[in-house]
Amino acid sequence: MNQRLQISLLSLRMSVFVVMLAWTLDKFFRPDHAASVFDGFYGLSNIGSSLMKATGLAELILLLGFILGIKKRLTYGSVFLLHGISTLSSYKQYLAPFEKANLLFFAAWPMLAACFVLYLWRDEDTLFTFGR
């Protein structure tokens, strides 16, 4: 297999992991903030600290499978789906790009593309994985 492709896919997987891990850790260290994000972007209100931490734990397990390349169809697909929902739920920020810090939301699109590439090329992404 092409070594440059392997390194490229690994770098995408690692960079997506770092971003998703930060969002996951927010659920543990600042569950009130994470709950306000769920309320503001997904319309899910009154999420308690315990439920937010449980959500964080589920995400952490998913991300560990993702970074290790385990059950790629499930883990890569789930990361792509979760990030896709997150990206699309921010549509109001895209409509007002020059208000507040809304320009930062546009960084979600290249990451969504990276998640898509990883999902499509999951069988070729074998460098430092435990999957097939």
* In chain order, what residues pass the side chain to side chain contact (heavy atoms under 4.5 Å, CB included) check against Ser11, with sequence neighbours excluded? -> none
Validation: residues 100-114 side-chain donor-acceptor distances under 3.5 Å, sequence neighbours left out:
residue : atom : partner : partner atom : Å
Asn102  : ND2  : Ala96   : O            : 2.8
Asn102  : ND2  : Glu99   : O            : 3.4
Trp109  : NE1  : Tyr94   : OH           : 3.4

* Asked: With sequence neighbours excluded, what pairs up with Thr55 under the side-chain hydrogen bond (donor to acceptor under 3.5 Å, both in side chains) test?
  -> none
* Structure fact -> Note: Ser90 and Ser86 closest approach over all heavy atoms is OG-O, 3.1 Å
* Is any side-chain heavy atom of Trp23 closer than 4.5 Å to a side-chain heavy atom of His83? -> yes
* To do: Kindly compute the distance separating CG (Leu120) from SG (Cys115), expressed to the nearest 0.5 Å.
  => 11.5 Å
* Structure fact -> Residue pairs passing the ring-ring contact (aromatic ring centres under 6.0 Å, His included) test with at least one member in residues 56-78, sequence neighbours excluded, are Phe66-Tyr76
* **Sequence neighbours excluded, every pair satisfying salt bridge (charged side-chain N to carboxylate O under 4.0 Å, His left out) that has a member inside residues 16-31** => Asp26-Arg30, Lys27-Glu59
* Got Val18 and Met14 here, is their nearest side-chain heavy-atom distance under 4.5 Å? -> no
* Tyr42 OH: over 12 foreign heavy atoms closer than 6.0 Å -> yes
* Quick check: does any side chain N or O of Arg13 sit under 3.5 Å from a backbone N or O of Ile67, one acting as donor and the other as acceptor? -> yes
* List for me each residue that meets ring-ring contact (aromatic ring centres under 6.0 Å, His included) alongside Tyr119, sequence neighbours excluded, and say none if there are none. => none
* Donor-acceptor under 3.5 Å (Gln6 side chain, Thr126 main chain) -> yes
* To do: Kindly write out the residues that satisfy ring-ring contact (aromatic ring centres under 6.0 Å, His included) with Phe17, not counting sequence neighbours, or none if the list is empty.
  => none
* Asked: So, do Leu62 and Thr75 sit near enough that their side-chain heavy atoms are less than 4.5 Å apart?
  -> yes
* To do: Would you confirm whether Thr24, through its side chain, and Met20, through its main-chain N or O, come within 3.5 Å as a donor-acceptor pair?
  => yes
* Who are the side chain to side chain contact (heavy atoms under 4.5 Å, CB included) partners of Lys53, not counting sequence neighbours? -> Phe28, Pro31, Ser49
* Asked: Checking side-chain contact (heavy atoms from CB on, under 4.5 Å) for the pair Leu68/Thr129: CA distance, chi angles, key distance, verdict?
  -> CA-CA 5 Å; Leu68 296 174; Thr129 67; over 6 Å; no
* To do: Would you mind reporting whether Leu5 and Leu9 have side-chain heavy atoms less than 4.5 Å apart?
  => yes
* Sequence-distant partners of Asp39, salt bridge (charged side-chain N to carboxylate O under 4.0 Å, His left out), two or more places apart -> none
* Does any pair with a residue in residues 84-95 pass salt bridge (charged side-chain N to carboxylate O under 4.0 Å, His left out), and if so which ones, sequence neighbours excluded? -> none
* Asked: Taking only residues two or more places apart in sequence or in another chain, which ones pass side chain to side chain contact (heavy atoms under 4.5 Å, CB included) with Leu74?
  -> Lys71, Ser78
* Structure fact -> One should read off an interatomic distance between Leu63 CG and Leu21 CG, to the nearest 0.5 angstrom, of 6.5 Å
* Can you name the ring-ring contact (aromatic ring centres under 6.0 Å, His included) partners of Phe116, sequence neighbours left out? -> Phe80
